[in-house]
Amino acid sequence: MVAGASVGSWAGRLGLRRFLVACVGASGPALVLYGAATGLGLAAIGVLFTGGCYMAALSTCTSVTQRSATSELRGRAMVINNFLLGAAYPAGLMLQARLADAWSLRAVTTPRASAWSG
């Protein structure tokens with residue numbers, strides 16, 4: 001809810017593209033915090049931070065897609081955007097779940113998030 005209530009003002013101050021890059025960039029450290037958490041308290045903070053980054057990036061990505069496409073291509077651009085969210089994202093989660101079952105959630109999340117963080 002916090003992300004939903006504050007995305008507009010932050011995106012307005014920074015600009016949509018810069019805000020989107022910041023949200024995606026902050027997702028890596030948030031996932032590292034979650035994956036490396038040794039207790040429930042740190043894991044909860046990591047999940048909250050990750051969820052906020054995700055929700056902010058999700059809503060901003062939709063706005064960037066709509067504003068970037070010409071009026072003739074806007075519908076097609078949104079179809080691709082929604083396909084990636086509706087199909088590719090769950091497919092990645094299913095793969096991550098299988099790997100986490102085999103190795104552990106920490107073993108799957110932390111190294112990938114560290115690499116993502118740069």
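Remember, predicted model here, so these are calculated numbers, not experimental data.
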Over all atoms of both residues, closest heavy-atom pair of [X] and [Y]:
X: Ser59; Y: Ala56; answer: OG-O, 3.2 Å
X: Ala37; Y: Ala43; answer: CB-N, 3.3 Å
X: Cys23; Y: Cys53; answer: O-CB, 3.8 Å

State which residues pass side-chain contact (heavy atoms from CB on, under 4.5 Å) with Leu16; sequence neighbours excluded, sorted by chain then number.
-> Ala11, Thr60, Ser63, Val64, Arg67
Please tabulate, one pair per line, all N/O donor-acceptor pairs under 3.5 Å involving side-chain atoms of residues 78-97, not counting sequence neighbours.
unit_1: Asn82; atom_1: ND2; unit_2: Met78; atom_2: O; d: 3.3
unit_1: Gln96; atom_1: NE2; unit_2: Thr109; atom_2: OG1; d: 3.2

Which side-chain hydrogen bond (donor to acceptor under 3.5 Å, both in side chains) pairs, counting each pair once, include a residue from residues 45-58, with sequence neighbours left out?
-> none
Can you run down the ring-ring contact (aromatic ring centres under 6.0 Å, His included) pairs that involve residues 94-114, sequence neighbours left out, and say none if there aren't any?
-> none
Taking only residues at least two apart or on different chains, which pairs with a member in residues 6-34 satisfy ring-ring contact (aromatic ring centres under 6.0 Å, His included)?
->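 Residue pairs passing ring-ring contact (aromatic ring centres under 6.0 Å, His included), neighbours aside: none found.
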Quick check: does any side chain N or O of Thr110 sit under 3.5 Å from a backbone N or O of Gly35, one acting as donor and the other as acceptor?
-> yes
With rounding to the nearest 0.5 Å, note down the distance linking CZ in Arg17 to SG in Cys61.
-> 10.5 Å
Listed partners of Phe49 passing ring-ring contact (aromatic ring centres under 6.0 Å, His included), at least two apart |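 Phe49: no ring-ring contact (aromatic ring centres under 6.0 Å, His included) contacts found.
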Should [X] and [Y] be regarded as members of a common hydrophobic cluster, given that ILVMFWY residues are connected when their side-chain heavy atoms come within less than 4.5 Å of each other, either directly or indirectly?
X: Val108; Y: Leu33; answer: no
X: Val24; Y: Leu31; answer: yes
X: Val7; Y: Leu14; answer: yes

So does Arg74 have more than 12 non-hydrogen atoms from other groups sitting under 6.0 Å from CZ?
->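 Yes, CZ of Arg74 has more than 12 neighbouring heavy atoms, counting only those of other groups under 6.0 Å.
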